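Everything numeric in this text was worked out from a predicted model, so none of it was measured. Only this structure's heavy atoms are used, side chains among them; waters, hydrogens and symmetry mates stay out.
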Amino acid sequence: MISNEEEVKRPLNFIEEKIEADLASGRTQTVVTRFPPEPNGYLHIGHAKSIVVNFGLAQQYGGKTNLRFDDTNPEAEDQEFVDGIMKDVSWLGYEWAGEPLYASDYFQQLYDFTVYLMKAGKAYVDDSTQEEIAAQRGIPTEPGTESPYRNRSVEENLDLLERMNKGEFEKGSKVVRAKLDMASPNMHMRDPIMYRILKAHHHRTGDKWGIYPMYDWAHGQSDAIEGISHSLCTLEFEVHRPLYDWYLDQLPPFNPRPYQTEFSRLNLNYMVMSKRSLKKLVLRGYVNGWDDPRMPTIAGLRRRGYTPASIRNFAEAVGLTRQKSITDMSFLEFHIRQDLNKTAARVMAVIDPLKVIVTNWPEGKVEWLEVENNPEDPESGSRKIPFSRELFIEAEDFMEDAPKNFFRLSPGGEVRLKGAYAIQCQDFVKDENGKVVELHCTYDPATKSGQDTTGRKIKGVLHYVSASEAISVEARLYERLFNVEDPTGDTEDAFLDNLNPDSLHIVQNVMAEPSLATAQVGDKFQFMRKGYFCVDPDSTPGKLIFNRTVTLKDSWAKSN
RNA sequence: UGCCCGGUCGUCUAAAGGUAGGACAGCUGGUUUUGGUCCAGUCGGUGAGGGUUCGAAUCCUUCCUGGGCAACCA
């Protein structure tokens, strides 16, 4: 069903193979997947992979995908996150089937199933304390022991269940457990907890429920109720699979019967990805919120200037396997450059301005030169930029004592100003600290861009702005948030020691060409020779703020 | 040291007993009015041993090694 003829043939990944086998065998008629976030935080690039996998696979096989909030823990969850998650999924370009769904929609069915299991003698109410239950569970290398409450009568269990739900008992005083096998080598099978008493207010069901289901009890049954054909999750749920199957085995059959398949989660080097860690960065103020452009959250990437297509392409290119992996940040950067190279308009902005006086250019004269907007996109047209006697170039583009392979400006040297004329440096002025503060150059009228009659080959091409027309903007330059490949350490907070103290540089008085004055929040540009930038929402009518999404590849900088 | 899963270029990922290939990163060079893009080339890998086979990344076996599991979190 990969119907696009132009699509290059790609070998199937292991989940596609399963799906095709299931379709062929009749195990399932249509592919129904789900994306099941817990609304207790913001989505990150790792979730983006899961979104692309779930929505992408369903799309590919003509099926559908549910968005289901796994809202079984009211103590951690909040409507704010529900809204944020829906925004992010939509922004990535996916449409879920029908309305958003919630595990809490199934609380009644789950409760009825529990009654069913209790009547079958497969679930019981346990009065043990949290500590006692932990002790009963034993350790992985040794079997556990059975709870003294394990063999309560069906009647007593049903009565207690009802009263737990009514709120008659204190939080933590009782739980509902499945009656499985305390000697199982799989810890998750040692009479897992199905329900706990929680007095918290639920963001959707309010105070209706006194007990809340645990993940294992809620998840598989929610899948089954929704008719999910393929329940895809990450590797850490692998040991839960026997329990997922066991619950389904105890209940009347579902058709289709969902089954769980695990794949490896996405990790990036120089980044942390756990929700806990990200939350800590936000709460303790190491970054400026969930949408800080240094964050790997969808919201952060969006604000940074990443496009939905670049994230989708990245997620697809990373692939789908069961091997633990840490993907190179440069792979993500490759995909945003690839997208923006084709779509972002080129403009000129000087981040660290150095004044240039064109001594043989008439005082007060301004010439408007036509330059193309994007050489990669013939449809993008052109615009006019001003040239005058006083210009700014990038300070790093001038060197007093330049090595032979420095193609830029140096005393006596000549460069082309992009889209304008060639200039030659005649003289330069230093301040009292020895810093070069002004260049005196002459231009050659015969070298006008597009009409150069000199036949001279000029290697260096610089970006520039005309001083009188330039607008002053702010640029926020981002470096990696962490300065080691794997920031996670041995302790919970160890990653904080690996924070890069220079991950954000705010630069004022960046001199930008006047066409930028009308830029809107979210607009994306290539600042020629400097990188891709987008307009930050912090911008005000009087002051534009640009986030650097990613630098251009720079083989000169690299070799120095 | 119980159970489960995994080990292919630096990274990610193909090869379903038959030439170990691609992408990213790196390095060379060419084109270029962005030291960008584009193009060409190049470097570089099956964790180890044994076995089966005409032939093994793939099957068997021993070992080595990485990860997950002992929340009333998901």
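Side-chain atoms of A:E17 come within donor-acceptor range of the base of B:rA16, with a qualifying N/O pair under 3.5 Å. With hydrogens and angles ignored, no donor-acceptor pair closer than 3.5 Å exists between the side chain of A:T327 and the base of B:rU11. With hydrogens and angles left out, the side chain of A:H335 and the base of B:rA23 share no donor-acceptor pair within 3.5 Å. For a distance-only test at 3.5 Å, the side chain of A:Q323 fails to qualify as a donor-acceptor partner of the base of B:rU13. A donor and an acceptor atom never sit less than 3.5 Å apart when one is taken from the side chain of A:E262 and the other from the base of B:rG6. Side-chain N/O atoms of A:R337 and base N/O atoms of B:rG36 include no donor-acceptor pair closer than 3.5 Å. Side-chain N/O atoms of A:R416 and base N/O atoms of B:rU33 include a donor-acceptor pair closer than 3.5 Å.
Of the candidate nucleotides B:rA74, B:rG36, B:rC5, B:rG36 has the atom lying nearest to any side-chain atom of A:L552. Closest approach to the A:S555 side chain among B:rG35, B:rG68, B:rC73 is made by B:rG35 (side chain taken as heavy atoms from C-beta onward). Residue A:V239 places its side chain closer to B:rG68 than to any other of B:rG68, B:rC27, B:rU32. Among the nucleotides B:rC69, B:rG26, B:rG66, the one closest to the side chain of A:K324 is B:rG66. Each of B:rG35, B:rU37, B:rA25 was ranked by its minimum atom distance to the side chain of A:S330; first place goes to B:rA25. Listed nucleotides: B:rA25, B:rG36, B:rC3. Nearest to the side chain of A:P185: B:rC3. Checking B:rU37, B:rC73, B:rA14 against the side-chain heavy atoms of A:N73 singles out B:rC73 as nearest. Closest contact between the side chain of A:V175 and the listed nucleotides B:rA74, B:rC72, B:rG36 involves B:rC72. For A:R137, the side-chain atoms get nearest to B:rA71 when compared with the rest of B:rA71, B:rG36, B:rC69. The side chain of A:R322 lies closest to B:rC5, out of B:rA14, B:rG68, B:rC5.
When all heavy atoms of A:M118 and A:V176 are compared, the closest pair comes out as CE-CG1, 3.9 Å.
A 4.5 Å side-chain heavy-atom check between A:P100 and A:V82 finds every atom pair outside the cut-off. Counting heavy atoms from C-beta on, the side chains of A:H202 and A:W209 never come closer than 4.5 Å. In this structure, the side chains of A:R480 and A:M329 stay at 4.5 Å or more apart for every pair of heavy atoms. Looking at heavy atoms from C-beta onward, A:S231 lies out of side-chain contact with A:Y259 at the 4.5 angstrom threshold.
For B:rU37, neither phosphate oxygen OP1 nor OP2 lies less than 4.0 angstrom from any side-chain nitrogen or oxygen of A:R346. Listed pair A:K448 / B:rU33 fails the phosphate criterion, with no side-chain N or O lying under 4.0 Å from OP1 or OP2. In this model, the phosphate group of B:rU13 is approached by a side-chain N or O of A:T321 to a distance below 4.0 Å at OP1 or OP2. Proximity of A:K553 to the phosphate of B:rU34: no side-chain N or O atom is located under 4.0 Å from OP1 or OP2. Of the side-chain N and O atoms in A:R265, none sit less than 4.0 angstrom from OP1 or OP2 of B:rA74. For B:rA70, the OP1/OP2 oxygens have no side-chain nitrogen or oxygen of A:R190 closer than 4.0 Å.
A:E238 comes within 4.0 angstrom of the backbone, heavy atoms only, and of no base. Looking at heavy-atom distances under 4.0 Å, A:T72 makes contact with sugar-phosphate atoms alone, never a base. Counting any heavy atom pair closer than 4.0 Å across all strands shown, A:P36 reaches no nucleic acid atom. Contact annotation for A:G419: base contact, defined as any heavy-atom pair under 4.0 Å involving a base atom. Among the heavy atoms of the strands lying under 4.0 Å from A:G450 is at least one base atom, whether or not backbone atoms are also near. Residue contacts shown for A:F406 include a base, since a base heavy atom lies under 4.0 Å away. Among the atoms of the strands shown, base atoms are found under 4.0 Å from some heavy atom of A:Q526. Across all strands, A:M214 comes closer than 4.0 Å only to sugar-phosphate atoms, never to a base (heavy-atom distances). Residue A:K530 is out of contact with every strand shown, counting any heavy-atom pair closer than 4.0 Å. A:I139 comes within 4.0 angstrom of a nucleotide base, judged by non-hydrogen atoms across all strands. Among the protein residues, A:N269 comes within range of no part of the nucleic acid, since none of its heavy atoms lies under 4.0 Å from any strand.
Evaluated for a side-chain hydrogen bond (donor to acceptor under 3.5 Å, both in side chains) with A:N373, the options A:R346, A:E379, A:R383 yield exactly one hit, A:R383. Test A:H47, A:E80, A:K275 against A:Y42 for side-chain hydrogen bond (donor to acceptor under 3.5 Å, both in side chains) and you get one pass: A:E80.
Both distances falling under 3.5 Å, in either a Watson-Crick or a G-U wobble arrangement, place B:rC63 opposite B:rG47. B:rC69 is paired with B:rG2 under the Watson-Crick or G-U wobble criterion, all donor-acceptor distances under 3.5 Å.
B:rA57 and B:rG51: their P atoms are spaced 15 Å apart (whole Å). Look at the P atom in both B:rG7 and B:rU13: the space between them is 10 Å, to the nearest Å. A gap of 16 Å separates the P atoms of B:rC43 and B:rA20, to the nearest Å. B:rG45 and B:rG26 are spaced 16 Å apart, taking the C1' atom of each and rounding to whole Å. Distance noted for atom P between B:rG36 and B:rA25: 12 Å (whole Å). With both ends at atom P, the span from B:rA15 to B:rU8 equals 14 Å, rounded to whole Å. Between the C1' atoms of B:rU53 and B:rC59, the separation comes to 10 Å (whole Å).
When each of A:K418 and A:G319 is assigned the nucleotide of RNA chain B with its nearest heavy atom, A:G319 is the one assigned upstream, toward the 5' end. Sequence order on RNA chain B of the closest nucleotides to A:T141 and A:D452 puts A:T141 first from the 5' end.
A stacked arrangement is assigned to A:W556 and the six-membered base ring of B:rG35, with a centre-to-centre distance below 5.5 Å and an interplanar angle below 30°. Stacking of A:F331 onto the six-membered ring of B:rA25 is not present when judged by under 5.5 angstrom between centres and under 30° between planes.
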Problem - Full working for ring-ring contact (aromatic ring centres under 6.0 Å, His included) between A:F237 and A:Y215 - result: CA-CA 11 Å; A:F237 291 101; A:Y215 166 84; 5.0 Å; yes
Practice task
Give the C-alpha distance, both sets of side-chain angles, the deciding distance and a yes or no for side chain to side chain donor-acceptor pair (under 3.5 Å) between A:T234 and A:E236.
Solution key: CA-CA 6 Å; A:T234 45; A:E236 67 269 25; 3.1 Å; yes
